[in-house]
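Because the structure is a prediction, the values reported are computed rather than measured. Note on naming: letters A, B, ... go to the chains in the order of the sequence lines (proteins, then strands), and numbering restarts at 1 for each one.
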2 protein chains.
Amino acid sequence: MPDSLSPATRAITIRDVATLAGVSVGTASKALNGRGKLRPETRERVTSAAEELGFRPNALARGLLSGRTFTVGLVTSDSFGRFSIPVMLGAEDALGAGQMSVFMCDTRDDPIRERHHIQTLLARRVDGLLVTGRRTEPRPSIGSDLPVPVVYAMTQSTSPDDLSVIPDDVGGGELAVRHLLATGRERIGHVAGPYRFLAARQRVAGMTKVLEEAGLPLAGGAPLHGEWSEEWGRQAADILLRAEPDTDAIFCGNDQIARGVAETVRERGRRIPDDVALIGFDNWEAMALASRPPLTTVDMSLGEVGRIAAEHLLAAIAGRPTSGGVETIPCQLVVRESTGPRRH
Amino acid sequence: MPDSLSPATRAITIRDVATLAGVSVGTASKALNGRGKLRPETRERVTSAAEELGFRPNALARGLLSGRTFTVGLVTSDSFGRFSIPVMLGAEDALGAGQMSVFMCDTRDDPIRERHHIQTLLARRVDGLLVTGRRTEPRPSIGSDLPVPVVYAMTQSTSPDDLSVIPDDVGGGELAVRHLLATGRERIGHVAGPYRFLAARQRVAGMTKVLEEAGLPLAGGAPLHGEWSEEWGRQAADILLRAEPDTDAIFCGNDQIARGVAETVRERGRRIPDDVALIGFDNWEAMALASRPPLTTVDMSLGEVGRIAAEHLLAAIAGRPTSGGVETIPCQLVVRESTGPRRH
DNA sequence: CTGAAAGCGCTAACAA
DNA sequence: TTGTTAGCGCTTTCAG
């Protein structure tokens, strides 16, 4: 029975190309890879034969031979969520430039699944692994004796031997408050995310540092910790404005909180930013732009986090490993209409 | 010089296992794969040798030999966006169950990049391709003579020979309006997304069908088309309520529009849902839950879309292809507080 | 029941 | 300059 119609036709091999060009496979290989000494005309014959047949070398065979597959595994515990996606895009960018393909695996926060995925990826002989997460909290290392380099992005390993790349939340907090100070605010409050989040605590730390340098107290005395939600923003704004009616700026733990705060501030008849300036965190555009007014916010440069992590991984794969430790990527201030000078 | 410390040590091969077990590689292979007839004791010796060495068969070698790699390529033009992600998760679910690993590629909407990614994936000998998008609009086929099966998810191919799986937007529109009718509404308006989106037009079609069946006119006479934004929702609600002050329900093209509509409705002193019921589309939880009140909405079951598409792909890979055409996946109504009976 | 050998598609030595 | 050969790690005949 003949190999029927279309989708089952055998793939083109270099032997087909060699035959069509009237040379041996070895010669064809050299011609296609620009190796060795060949008569230009021969090279040309092979090239066009390959072109004509639509030849694409079998990556499996190459990988088997060379020990390099030009693939990396991207293991995420964030179910491709809001934070890991920009990280992945940045990583894909850097890896794509290096001709690497990416295996994506979602662990659903399950250590068993994680181990299984890593085993599978190693069996596929990936050249390296990128581990991403949703939170910057330290997590257990995926292993210290793996046969390929590993870089953590948007999450950090508890092991100091591993390399982790995360956003600089402390710096982000500093950036936010410096901006508020620069626009003349002096009674600044802070509505934070849950205390159990490292990111929330670090943003507080950055803020505190800048306020202390400026010799200013925090409006309300202490940061208000709650959920990362608009609802919490609404509640907290109520609490804060009741306790400190002359608050003239509020730094919010994320954009959702900021949006909730904005609603309450407006409902209480204060103008933004004329009476109260507002700054968020994350630069989640769907939130920040739809808020009234659009939010000034801190962007964590997640694409950069992914890109840098991927570049470290590529370097390690190329035999130039970065030593272990945590690398933080600076945040960027994105100024919109919710901050500006006071107007009475 | 000895093979130094950890990360560069050669991977374990089946030959190592065979040697340790004191058998030939052929025997080891049979033992590990449960093939042929072996003395149980031999099988056991091999198994534990493999265990001891932490042997993982080289997937490249297997793929080279068998012609099956147990990988698929997932090509997205949505930059891992809000719509393609749930689709991918659903797909990964189905594929993972089939022991398939997934190569992720983002085309950034660039046909050149797309072709390049597909070539690369084919060179890697993926067993199949999944193409996803952000819009349900027909798009050019990625090719009719590819050596592997292809399924489109959350986007459709212009070619009737290709299989596409998309959400049933018409049905979603019907679902929404039927729910409004069931809660006793009779003056229903519609704030839609941009007319250039197929999804927007299909939701209108579903709505129209149900209203006609019920013999009711559309409040405002025609759907109001605009951007998929809160801002448009605010504007459109103003227009609609001015033109038809006794509107008692508004079906919105998506959750962002609904949220904008909600704000305006409240600002104009109407209660939701007592005076005006509101229903959104997408079930984007960050939006739908933060809206006041939380939005009843239509969920497109994107996870299902991805899962079903992946299952068709697996079936095709297994030699049982589904014939070409478009398969639509039903939407689900998610009832929250923005709809309910009228109360005067 | 087990071992030896061939071969998947490719590249790199070595011969011619 | 080109062809031949060996071998990457594995599975699968086919002998023993």
Between CZ of Arg15(B) and C1' of dT11(D) the distance, given in whole Å, is 14 Å
Here the distance between atom P of dA12(C) and atom CZ of Arg35(A), to the nearest Å, is 5 Å
Considering only nitrogen or oxygen atoms on both sides, find all protein atoms under 3.5 Å from nucleotides 3-6 of chain D and state each distance.
| from | atom 1 | to | atom 2 | distance (Å) |
| --- | --- | --- | --- | --- |
| dG3(D) | OP2 | Ser24(A) | N | 3.0 |
| dG3(D) | OP2 | Ser24(A) | OG | 3.4 |
| dG3(D) | OP2 | Thr27(A) | OG1 | 2.8 |
| dG3(D) | O6 | Lys30(A) | NZ | 2.8 |

Correct closest heavy-atom pair for Gly133(B) and Asp78(B) would be C-CB, 4.1 Å
* Do Thr69(B) and Thr71(B) have a side chain donor and acceptor closer than 3.5 Å? -> yes
Notebook entry, point to check: Is any side-chain heavy atom of Val75(B) less than 4.5 Å from a side-chain heavy atom of Ile142(B)?
Noted result: no
Smallest heavy-atom separation, His117(B) atom then Asp106(B) atom, equals CE1-O, 3.2 Å
_Test item: Thr155(A) and Thr136(A) side chains (from C-beta on) under 4.5 Å apart, heavy atoms_ = no
Separation of dC1(C) atom C1' from Arg43(B) atom CZ, nearest Å, is 11 Å
(request) Would you please confirm or rule out a distance under 4.0 Å between OP1 or OP2 of dT2(C) and any side-chain N or O of Arg39(B)? (result) yes
Worksheet entry | pair Val72(A)-Phe103(A): side-chain heavy atoms closer than 4.5 Å | no
Exercise for review: Answer yes or no: is there a side-chain heavy-atom contact under 4.5 Å between Met100(A) and Ile317(A)?
Suggested key: yes
To the nearest 10 degrees, the angle between the two end axes of the helix from dC1(C)-dG16(D) to dA16(C)-dT1(D) (five pairs per end) comes to 60°
Smallest heavy-atom separation, Arg35(A) atom then Arg43(A) atom, equals O-NH2, 3.8 Å
Correct closest heavy-atom pair for Val17(B) and Ala50(B) would be CG1-N, 3.8 Å
Practice item. Classify the nucleic acid contact of Ser29(B) as base, sugar-phosphate or nothing, counting any heavy atom under 4.0 Å across all strands shown. Key: base
Open item on the list: Can you confirm whether Pro57(B) sits close enough to Leu32(B) that some side-chain heavy atom of one is under 4.5 Å from a side-chain heavy atom of the other?
Closed with: no
From CG of Leu38(B) across to C1' of dT12(D) the rounded distance in Å is 13 Å
In whole angstroms, the gap separating C1' of dC8(C) from CG of Asp16(A) amounts to 14 Å
Between the side chains of Thr132(A) and Ser84(A), does any donor sit under 3.5 Å from an acceptor? no
Separation of dT2(C) atom C1' from Glu41(B) atom CD, nearest Å, is 13 Å
Numerically ordered, the residues 52-70 of chain A set in heavy-atom contact under 4.0 Å with DNA chain D is Leu64(A), Leu65(A)
note: Leu32(A), atom CG; dT2(D), atom P; distance rounded to Å ~ 14 Å
In whole angstroms, the gap separating C1' of dA12(C) from CD1 of Ile14(A) amounts to 12 Å
